[in-house]
Amino acid sequence: MSLIDLGLWRHPGDAVLGRVIPWFEDPLRFVQDPEQMTFASRSMDMVADDPGAGYFRQARGSNGATPLELPWLDVEQAVLIAITRNPGDDGALALDYRTDPSDPRVVGSDYWTDPDACRWRVVAPTFSAFVASCAAAMESERA
């Protein structure tokens, strides 16, 4: 939230994200404020509540007997921070609070490794590590 409040939550550029997340093929758009994050994250609720939507590997952890683990995303403990720029591509980056409520890991939807189902993969072990990786990639691009 502090990055948003300071006006620093900005897309670092496609080339930078390509260095930080080389396996993510679609261009992303960063969600700009908490209201947009809430709106974008509601799409996960619809998918999780659809019994035929296992392809997306999104579910409610509270409905299972055991905790959900990657490659599944627990929609009750995730917030979307970036979505694909092109409608219909369905890709996203999310904060995954299962690991740490104060510095959650960043995960991304991977539709390219297994075309039969989405796999949620770790982009960075923490949000602060993701920000640092983006900053380092931006710095190396300037050099």
Side-chain angles (χ1 to χ4, degrees), residues 1-4 8-143:
M1 294 310 298
S2 61
L3 291 175
I4 291 172
L8 298 174
W9 179 242
R10 293 188 293 255
H11 192 291
D14 292 339
V16 168
L17 285 179
R19 283 195 191 106
V20 174
I21 321 167
W23 52 266
F24 202 99
E25 296 181 13
D26 293 331
L28 288 164
R29 168 178 85 72
F30 278 29
V31 183
Q32 292 301 306
D33 58 51
E35 292 80 22
Q36 289 181 13
M37 288 178 186
T38 299
F39 180 78
S41 297
R42 283 188 192 135
S43 67
M44 296 187 300
D45 291 330
M46 292 184 293
V47 170
D49 293 337
D50 181 353
Y55 171 79
F56 296 102
R57 289 194 175 141
Q58 297 176 24
R60 295 183 185 282
S62 63
N63 289 344
T66 59
L68 286 172
E69 298 295 336
L70 294 177
W72 285 83
L73 184 66
D74 184 343
V75 302
E76 295 169 329
Q77 296 189 57
V79 174
L80 296 183
I81 59 170
I83 56 176
T84 47
R85 201 176 300 150
N86 302 320
D89 284 347
D90 294 328
L93 298 183
L95 297 178
D96 183 357
Y97 288 91
R98 291 178 286 188
T99 56
D100 185 342
S102 62
D103 198 7
R105 70 181 163 195
V106 178
V107 296
S109 55
D110 177 0
Y111 291 95
W112 305 278
T113 301
D114 179 1
D116 294 327
C118 172
R119 297 181 56 84
W120 288 89
R121 294 175 56 176
V122 174
V123 170
T126 62
F127 179 68
S128 56
F130 174 70
V131 171
S133 294
C134 288
M138 287 172 62
E139 190 62 35
S140 71
E141 189 173 83
R142 286 185 213 141

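Quick caveat, the model's predicted, so the values are computed rather than measured.
Below 30°, between 30° and 60°, or above 60°: for Tyr111 and Phe56 the angle between ring planes is above 60°, a perpendicular geometry. Aromatic ring orientation, Phe24 versus Trp112: perpendicular (interplanar angle above 60°, classes split at 30° and 60°).
Closest approach of Val122 and Trp23 over heavy atoms only: O-CZ2, 4.4 Å. Taking each heavy atom of Pro104 and Leu95 in turn, the nearest pair found is CG-CB, 3.9 Å. When all heavy atoms are compared, the tightest approach of Glu76 to Ser62 is OE2-OG, 2.7 Å. When all heavy atoms are compared, the tightest approach of Trp9 to Met37 is NE1-CE, 4.0 Å. The two atoms that bring Gly108 and Leu93 nearest to each other are CA-CD2, 3.8 Å, heavy atoms only. Among all heavy-atom pairs drawn from Cys134 and Pro12, the shortest one is SG-CG, 4.3 Å.
For the pair Leu3 and Phe127, the minimum side-chain heavy-atom distance is below 4.5 Å. Residues Gln36 and Asp33 form a side-chain contact, since some pair of their non-hydrogen atoms from C-beta on lies under 4.5 Å apart. With a 4.5 Å cut-off on side-chain heavy atoms, Leu73 and Arg98 count as touching.
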(Q) Using the rule given for side chain to side chain contact (heavy atoms under 4.5 Å, CB included), can you reason through Asp114 versus Asp116, listing the C-alpha separation, both sets of side-chain angles and the distance that settles it, and then say yes or no? (A) CA-CA 5 Å; Asp114 179 1; Asp116 294 327; 3.3 Å; yes
**Q.** Pair Cys118-Asp90, side chain to side chain contact (heavy atoms under 4.5 Å, CB included): steps then yes or no
**A.** CA-CA 10 Å; Cys118 172; Asp90 294 328; over 6 Å; no
Q: Step by step, work out the side chain to side chain contact (heavy atoms under 4.5 Å, CB included) result for Arg119 and Arg57.
A: CA-CA 7 Å; Arg119 297 181 56 84; Arg57 289 194 175 141; 3.1 Å; yes
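Taking NE2 of His11 as the reference point, atom CZ of Arg85 lies at 5.0 Å (rounded to 0.5 Å). The distance from the CD atom of Glu25 to the CG atom of Asp89 is 10.5 Å, given to the nearest 0.5 Å. Going from atom CH2 of Trp120 over to atom CG of Asp96 covers 9.0 Å, rounded to the nearest 0.5 Å. Here Thr84 contributes atom OG1 and Leu28 contributes atom CG; the two are 7.0 Å apart, rounded to the nearest 0.5 Å.
Under the 3.5 Å distance criterion, the side-chain polar atoms of Asp14 are left unmatched by any main-chain donor or acceptor of Pro27. In this structure, the side chain of Ser109 engages the main chain of Ala92 through a donor-acceptor pair within 3.5 Å. Checked by atom type and distance alone, the side chain of Ser140 pairs as donor or acceptor with a backbone atom of Ala137 at under 3.5 Å.
Checked by atom type, the side-chain pair Ser102/Asp100 shows a donor-acceptor distance below 3.5 Å.
Just one of Asp45, Asp74, Asp50 meets the salt bridge (charged side-chain N to carboxylate O under 4.0 Å, His left out) condition when paired with Arg60; it is Asp45.
The residues Asp110 and Arg121 are annotated as salt-bridged, a charged nitrogen and a carboxylate oxygen being separated by less than 4.0 angstrom.
Crowding of Phe39 atom CZ: a count of heavy atoms from other residues, nucleotides or ligands under 6.0 Å not exceeding 12.
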